Structures are given as structure tokens and as C-alpha cells.
Chemist: 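I'd like to ask some things about the structure below.
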Amino acid sequence: MLPVSARAEQNYFAPSSSTSGDNAASAHDFRLSWGGESSTPESLKMKELESPALRDGSRAYYEATDSIKAYAGAGFERDPGYLNKAGLYGYNRDLPGNGADFGVGELGITVKPSSNSDFSVDLNTKGYTGTRDGVEGKLQFKWEF
């Protein structure tokens, strides 16, 4: 079965020409089924895996110059967990999942050599709280054509 996904996005404010913001919400339902291949031990046969998730987040932008844009965002993800179906010694069982609720905060800056350039550099950091705890960073070089 193919994954199902829906996303809604809205630009919700632009109080001045240098600031803007958006809000995005999405729902995903990924399902995978297969024909009972055995795993270890031989008596356990996986049949189906399902992973639904709900996400909501907002981001605010500040355009310092035509070639420098800073942003900050916050979001929340609710993942009720995987619902695994398996056969064990010929009996069908639902295996427990590992649900996750966590918040995300991010700060970033995008720099272009000039306002009409197709090349940009994005420096981003994200912090997580809840069941996913930690910090990550990203440096992205992007050329659009």
C-alpha cells in the first residue's frame, strides 16, 4: 500500500515589507504490508507495519537585506507509534509501538551573494524536546536552476 500524506500551508502575516511568516500542518500515514517472510526466529512472521504522524509548525522570517534572510520557527509532532502486526506460531498478534511526542525549535539564516543569485547558503540549527531530545545543525549549499 502506498503512503498517504496531506499538507496545508498558510502565509499568515506580513506586518512590514521585511517580515513574514507561515504555518504548516501535515498528516502522514505510512503503511507497509508483505507476504509473511520469516525473520529470526523462524516462528515469527511480520505481516504489516503502520506509522501515522501529525505535524504542526510555524516559522517567522526577517529579511535584513535583499540577500540575507533570517528565520525562527517552532513546531510539534505527534506520532502515536508503529502498529505492527505479526504472526507468532500461527497466531496473529499486534505488537506494541514506540509513540513519540516532541517539540522542535529552530533558528537559521540564508545568505545569497546577490539578490538575484541562484546560489545560496543556509545555516540552520534545531533543538528538540520530549521523546526526541537533542540539537542538530545543518549547513546547506544550494544552487537552483
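The shown structure was predicted, so the numbers you read here are calculated from the model rather than taken from an experiment. Note that the numbering runs from 1 along the sequence shown for the chain.
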Chemist: In plain terms, say whether K138 and E136 are close enough for a salt bridge, that is, a side-chain N and a carboxylate O under 4.0 Å apart.
Modeler: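 E136 and K138: not salt-bridged.
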
Chemist: Taking the side chain as everything from C-beta on, heavy atoms only, tell me whether T125 gets closer than 4.5 Å to V135.
Modeler: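 When only atoms from C-beta onward are counted, V135 and T125 do touch, with a gap below 4.5 Å.
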
Chemist: Minimum heavy-atom separation for S67 to S114, with atom names?
Modeler: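 Looking at all heavy atoms of both residues, the closest pair is CB-C, 4.1 Å.
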
Chemist: So do the side chains of D122 and Y71 get within less than 4.5 Å of each other, counting heavy atoms only?
Modeler: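 Heavy-atom side-chain distance check passes, below 4.5 Å.
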
Chemist: Check step by step if side chain to side chain donor-acceptor pair (under 3.5 Å) holds for Q140 and N124.
Modeler: CA-CA 8 Å; Q140 178 181 19; N124 175 294; over 6 Å; no

Chemist: I'd like to know if V121 and I68 are part of one continuous hydrophobic network [Ile/Leu/Val/Met/Phe/Trp/Tyr, side-chain heavy atoms within less than 4.5 Å].
Modeler: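 As far as the 4.5 Å side-chain criterion goes, V121 and I68 are connected within one cluster.
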
Chemist: Within the structure provided, determine whether K69 and K112 are in side-chain contact (heavy-atom separation under 4.5 Å).
Modeler: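 Counting from C-beta outward, K69 and K112 never come under 4.5 Å.
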
Chemist: Starting at CG of L54, measure out to OG of S26 and round the result to the nearest 0.5 Å.
Modeler: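 L54 atom CG to S26 atom OG measures 8.0 Å (nearest 0.5 Å).
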
Chemist: Considering only NZ, NE, NH1 and NH2 on the basic side and carboxylate oxygens on the acidic side, decide whether D101 and R78 come within less than 4.0 Å.
Modeler: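 Result for this pair is yes, salt bridge flagged.
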
Chemist: Minimum heavy-atom separation for P113 and F119, please, with both atom names.
Modeler: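 Where P113 meets F119 most closely, the heavy atoms are CD-O, 3.3 Å.
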
Chemist: Between Y62 and T19, which heavy-atom pair has the shortest distance, and what is it?
Modeler: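 For Y62 and T19, the tightest heavy-atom pair comes out as CD1-CG2, 3.6 Å.
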
Chemist: Examine W143 together with F145 and report whether their ring centres are nearer than 6.0 Å.
Modeler: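 Between W143 and F145, the centre distance is under 6.0 Å.
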
Chemist: Between L107 and A72, which heavy-atom pair has the shortest distance, and what is it?
Modeler: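 Heavy atoms of L107 and A72 come nearest at CD2-CB, 3.6 Å.
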
Chemist: Might you point out which heavy atoms bring A24 and D56 nearest each other, and give the distance in Å?
Modeler: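 In terms of heavy atoms, the two residues are closest at O-OD1, 3.1 Å.
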
